[in-house]
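In the text below, chain A, chain B and the rest are named by the order of the sequence lines, each starting its count at 1.
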Amino acid sequence: MRRHLAAILLATSLLATACGAGDGADGGSAAPGEPDKVTVGVIPILDVAPIYLGVEKGFFAELDIDLELTQAEGGAAIVPAVVSEQYQFGFSNVVSLLLAQSEGLPVKVVSNGNNSTGVDGEDFAGLMVKADSPIRSAKDLEGRTVAANTLQNIVDTSVRASVREAGGDPSKVKFVALPFPEQPAALANGQVDAVFVVEPFQQAVLAEGGRKIASSYVDAADDLTVAVYFTSRQLQAENPDLVRRFTEAMQESLSYADSHPDEARQIIGTYTEIAPEVIEKLTLPKWPSDINRDSLETMADLAVEDGLLKETPDLNALLP
Amino acid sequence: MIKRILLAVTMPVVLLAVWWFASAGSTDFYFPPLRRILETFPETWFGPRMVDDVLPSLARLAIGYAAALCVGIALGMLIGANRTLRAVVEPLLEFLRAVPPPVLVPILMLMAGIGDLMKVLVIVSGCLWPILLNTVEGVRAVDEVLTDTCRSYRIRGRLRVWHLMVRSASPQIVAGARQALSIGIILMVISEMFAASSGIGFTVIQFKDGFRIPQMWSGVLLLGLLGVLLALLFRLVERRVLGWYHGIRAVQKER
């Protein structure tokens, strides 16, 4: 009996110490010598593999950043959270950020996100049609319906660029908003004439015999910067040191992921539901550490040409 | 009469005034001043969008609602009048009614594609149940004295259906139809959030994705206004259809 009591006492005291230790680690984020607690809003897709890899490799911890990654459905949900400082940083495609800036939202790009592979026919995204479709090139999309995950972002801008490059009139293409996971089925059923899908949905369409008629990200601009990490102007002004450290850790993560594709593939399996045998086959995006500014100028011009933007945006104000 | 109208508009006016003044100095991007929202309203909706988005939305609502009325009342008559049938299908109806229509959207999309048909079916799938179940209840509760009277006078067939069953059940049917109308407006918007390329719901989402927040709010206001207008319209129709019933009620109260 006495032995039991001793055991219980010991267990309780151990528990108490454990709790105590836990409390210490959770302490105030701004305390000197403690890492900054930072929340980043990301979309659970291939493109953000470097930031997951960077957390695993400790690139952020080295620079005193305690990073928490929060998944959101799409970029449109991340921008409000970053602007209201619920998240310190976020991940978004570049066209949405150009739109946000032109409407007066205080956003500031801090790091590159991911780029197209730059190789026509071998990109991580593509404009695809059914095997028996009469559509041969992007020009044939005139008068047809194309599915895009959301409208007014990099997808429809790039698809229009493909149509233009093939000699067609992009204003004659009809877009319908359909989430990526539903696009392969909609294409197979003939509900849409073409889809613009990213990996792993590209593999799903290919598995059903689909044909790729254009690599729109490659058509839009050379080595296009597709997405970037951004913050709010408030945070940029209040804590430039934190922003600088985040950018540094991000650049290290990007170049590590770019030079270690096998590790990138491995980490993709941890935050997505993609089957391991499919992950092996995926075409990965490029992860250069620097933003391709020329490609963003091209994107801005395309957005103006399509009527998405009223005037040429001030890239100096948006980019670091 | 004037007093009633005054009373009815007091609350909305007060709320709008509170909104106007509370938001007047707002610098929050997502909660712009009401003044800006109202400024963008006419240019946003009284242009090509009226034809491209508002009318298609309303047309789909009208078709879906009308279809739900026809199917709901017809099936309700059949089920309500037949005790065996009622016992057999009632648990099934309760189950189907409990399924929220938005979760049916992906299934309807596979069956009916992504065009107008899918969107109308989404509206029907939600509007049908209150009409159907209310009709069943209404028919079941037909006054037995009236039923017997009809039998004694040998009133049968179409006459019996129209003058006995539909008439007696009409207060319940109208109550169901009123409930279905508000469900229909909600589903009209929801159906346009999936795989759409036109409609008020679609346009509101587009404004959100394009960070055009005052325009987005103006869409929300438009939906609210449409709801009020349709409710008023419904009340006009109801007053005609149920004039006899409200008359009886008034007389009974006086007694």
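With a 6.0 Å radius and a threshold of 12 heavy atoms from other residues, nucleotides or ligands, B:Met11 has its CE atom at or below the threshold.
Looking at B:Met193, there are no atoms closer than 4.5 Å to chain A (heavy atoms on both sides), in backbone or side chain. Both the backbone and the side chain of A:Val79 have a heavy atom closer than 4.5 Å to some heavy atom of chain B.
Partner of B:Phe211 under the side chain to side chain contact (heavy atoms under 4.5 Å, CB included) criterion, out of A:Val107, A:Leu99, A:Leu97: A:Leu99 alone.
Annotation: maximal heavy-atom pairing with chain B below 4.5 Å, among A:Val192, A:Val95, A:Leu105, A:Leu151, occurs at A:Leu105. Counting heavy-atom pairs under 4.5 Å between each of A:Val176, A:Leu178, A:Val83 and chain B puts A:Val176 at the top.
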With 3.5 angstrom as the limit, list the donor-acceptor pairs from chain A to chain B, or say none if there aren't any.
from, atom 1, to, atom 2, distance (Å)
A:Gln152, NE2, B:Gln206, O, 2.7
A:Gln152, NE2, B:Gln206, OE1, 2.9
A:Ala177, O, B:Ala195, N, 3.0
A:Gln191, NE2, B:Met109, O, 2.9

